[in-house]
Amino acid sequence: MNPFAAALLAWFDEHGRKDLPWQHPRDAYRVWLSEVMLQQTQVVTVIPYFQRFVAALPGLRDLAVADEDTVLALWSGLGYYRRARFLQRAAQICMEKHHGELPRDFDALADLPGIGRSTAGAILAQAYGLRFPILDGNVKRVLTRYLGIHGHPGQSAVEKVLWQHADALTPAQRTADYTQAIMDLGATLCVRSKPLCENCPLSAGCVARRDGLTAQLPSAKPTKAVPTRDTVMLILRDAKGRVLLERRGEQGVWSGLWSLPEARDQDHAWRAAQSFASIDDAQALPSFVHVFSHYRLKVEPLLFDGATAQQRIADNPTLRWCNPDERAALGLPAPVRTLLQQL
DNA sequence: AAACCGGGGGA
DNA sequence: TCCCCAGGTTT
């Protein structure tokens, strides 16, 4: 057996979790259920949900014939309810196509909804002791650190390398214990921040530990270059100091908020401004950039002072002239509020 | 405020 | 094949 697996198993014998509810009794249905729950939630949270679930639906057949509402009620509080539906659909498929049992065949297992490569491997290893690797978030963290693998684990090239190592390191003996051990290590010692390397059975051979890179690995998700969009914001101000606001649509950013009328360039801005009010002068204010999660918005504010309102605006429910007090009571995007306060 | 997470599904 | 998303928790 390779030294990595041997050290991990020795640690597991002394410190691993051997009393989890899905380990006693250990069957494929219970392992499957626990793995799906653990995809989204930590062990301590999962335990009461798991116990309630198997008390109500102790076997695959019970799950297959249960009301969908019952299944969702048992899942209630865990989030990702789509997975509860996948779970039940998979159980129904097993009743129809696999004699009421989870298949022992990897491809048949991974074909079921909600079961991918890692969950299929976990079920085969934990329930049947077959030698299949797993690669969940814990394992990715342990392997990137131990082997010093750089690059975001979500990138396909990195993930491919990780699967190769996961496979190579998985021993043919005690596969179920090994699988539990590497997940336990990632969950208890090799945690995301401030790992407890002093207690780790793998620290002697760990590249990240040796090179002081535990805080750098696994590599963070690359911050993708976000596109920049340009917009001109029209500040139409009348003699009383009121500013024209426009309510944004339901789609897109700032939906339903009151904001400034916008145009895609200065030319369109002029034309738009004249449709709203009688205009004779404009002043370009300093542009600024507002950062969203998915794009950057470069705003060029254009101030039209001394505007005289067109009468028809009074009838338009998405346009209104507002003084500062009225603006305070409306929902405005933060950068727009800041911009208007600086006038 | 942002990262995280296994699998599904759309680009 | 790549990339984004869900939806609640952790940092």
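Letters go in sequence order (proteins before strands), and every chain restarts at 1.
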Run the side-chain donor-acceptor check on residues 61-75 of chain A: report pairs under 3.5 Å with partners two or more places apart or on a different chain.
| from | atom 1 | to | atom 2 | distance (Å) |
| --- | --- | --- | --- | --- |
| A/D62 | OD2 | A/G59 | N | 2.8 |
| A/E68 | OE2 | A/R85 | NE | 3.0 |
| A/W75 | NE1 | A/G79 | O | 3.0 |

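- For the segment residues 86-97 of chain A, the set of residues with a heavy atom within less than 4.0 Å of an atom of DNA chain B comprises A/F86, in numerical order.
- For A/R17, the CZ atom counts as densely surrounded, since its 6.0 Å shell holds more than 12 non-hydrogen atoms of other residues, nucleotides or ligands.
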Pairs: protein N or O with nucleotides 7-11 of chain C N or O, under 3.5 Å:
| from | atom 1 | to | atom 2 | distance (Å) |
| --- | --- | --- | --- | --- |
| C/dG7 | N1 | A/Y80 | OH | 2.7 |
| C/dG7 | N2 | A/Y80 | OH | 2.6 |
| C/dG7 | N3 | A/Y80 | OH | 3.1 |

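- We find that CG of A/D111 is positioned 13 Å from C1' of B/dG8, with the value rounded to whole Å.
- With sequence neighbours left out, the ring-ring contact (aromatic ring centres under 6.0 Å, His included) criterion links A/W258 to no other residue.
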Sequence neighbours excluded and cut-off under 3.5 Å, please list the side-chain donor-acceptor pairs for residues 122-139 of chain A, or say none.
| from | atom 1 | to | atom 2 | distance (Å) |
| --- | --- | --- | --- | --- |
| A/Q126 | OE1 | A/R26 | NH1 | 3.2 |
| A/Q126 | NE2 | A/Q180 | OE1 | 3.3 |
| A/Y128 | OH | A/L102 | O | 3.4 |
| A/R131 | NH1 | A/D167 | O | 2.9 |
| A/R131 | NH1 | A/T170 | O | 2.7 |
| A/R131 | NH2 | A/D167 | OD1 | 3.0 |
| A/D136 | OD1 | A/N138 | N | 3.1 |
| A/D136 | OD1 | A/V139 | N | 3.0 |
| A/N138 | OD1 | A/R141 | NH2 | 2.8 |

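- Side-chain contact check for A/F276 versus A/L319: some heavy-atom pair is nearer than 4.5 Å.
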Show me the donor-acceptor pairs within less than 3.5 Å that the side chains of residues 331-339 of chain A make with the rest of the protein, sequence neighbours left out.
| from | atom 1 | to | atom 2 | distance (Å) |
| --- | --- | --- | --- | --- |
| A/R337 | NH1 | A/R327 | O | 3.4 |
| A/R337 | NH2 | A/L330 | O | 2.8 |
| A/T338 | OG1 | A/A334 | O | 2.9 |

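- Here the P atom of nucleotide B/dG8 and the CD1 atom of A/I115 are 8 Å apart, to the nearest Å.
- For A/F50, the ring-ring contact (aromatic ring centres under 6.0 Å, His included) criterion is met by A/W22, not counting sequence neighbours.
- For the pair A/C94/A/E101, no side-chain contact is recorded, criterion being any heavy-atom separation below 4.5 Å from C-beta on.
- Within residues 142-169 of chain A, no residue has any heavy atom under 4.0 Å from DNA chain B.
- Qualifying ring-ring contact (aromatic ring centres under 6.0 Å, His included) partners for A/Y29, counting only residues two or more places apart in sequence or in other chains: none.
- With DNA chain B read from its 5' end, the first of the two nearest nucleotides for A/R117 and A/S219 is the one closest to A/S219.
- Atom CD1 in A/I134 sits about 10 Å away from atom P in B/dG7, given to the nearest Å.
- Taking atom CZ of A/R85 as the reference point, atom P of B/dG9 lies 13 Å away to the nearest angstrom.
- If you measure from atom CZ of A/R141 to atom P of B/dC5, you get 6 Å, rounded to the nearest angstrom.
- Qualifying salt bridge (Lys or Arg N to Asp or Glu O under 4.0 Å) partners for A/D13, counting only residues two or more places apart in sequence or in other chains: A/R174.
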Exercise. In dot-bracket, 5' to 3', how would DNA chain B read with Watson-Crick or G-U wobble pairs under 3.5 Å, [ ] for crossing ones and | for pairs to another strand?
Worked result: |||||.|||||

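- The separation of B/dG8 from C/dT9, taken at their P atoms, amounts to 23 Å, rounded to a whole angstrom.
- For the residue pair A/E35 and A/T119, no side-chain donor N or O sits within less than 3.5 Å of a side-chain acceptor on the partner.
- Here the straight-line distance linking atom CH2 of A/W163 with atom OG of A/S118 works out to 4.5 Å at 0.5 Å rounding.
- Going from the P atom of B/dA11 to that of C/dA6 covers 14 Å, rounded to whole Å.
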Pairs under 3.5 angstrom only: tabulate donor-acceptor contacts from the side chains of residues 105-115 of chain A to other protein residues two or more places apart or in another chain.
| from | atom 1 | to | atom 2 | distance (Å) |
| --- | --- | --- | --- | --- |
| A/D105 | OD2 | A/D107 | N | 3.4 |
| A/D105 | OD2 | A/A108 | N | 2.9 |

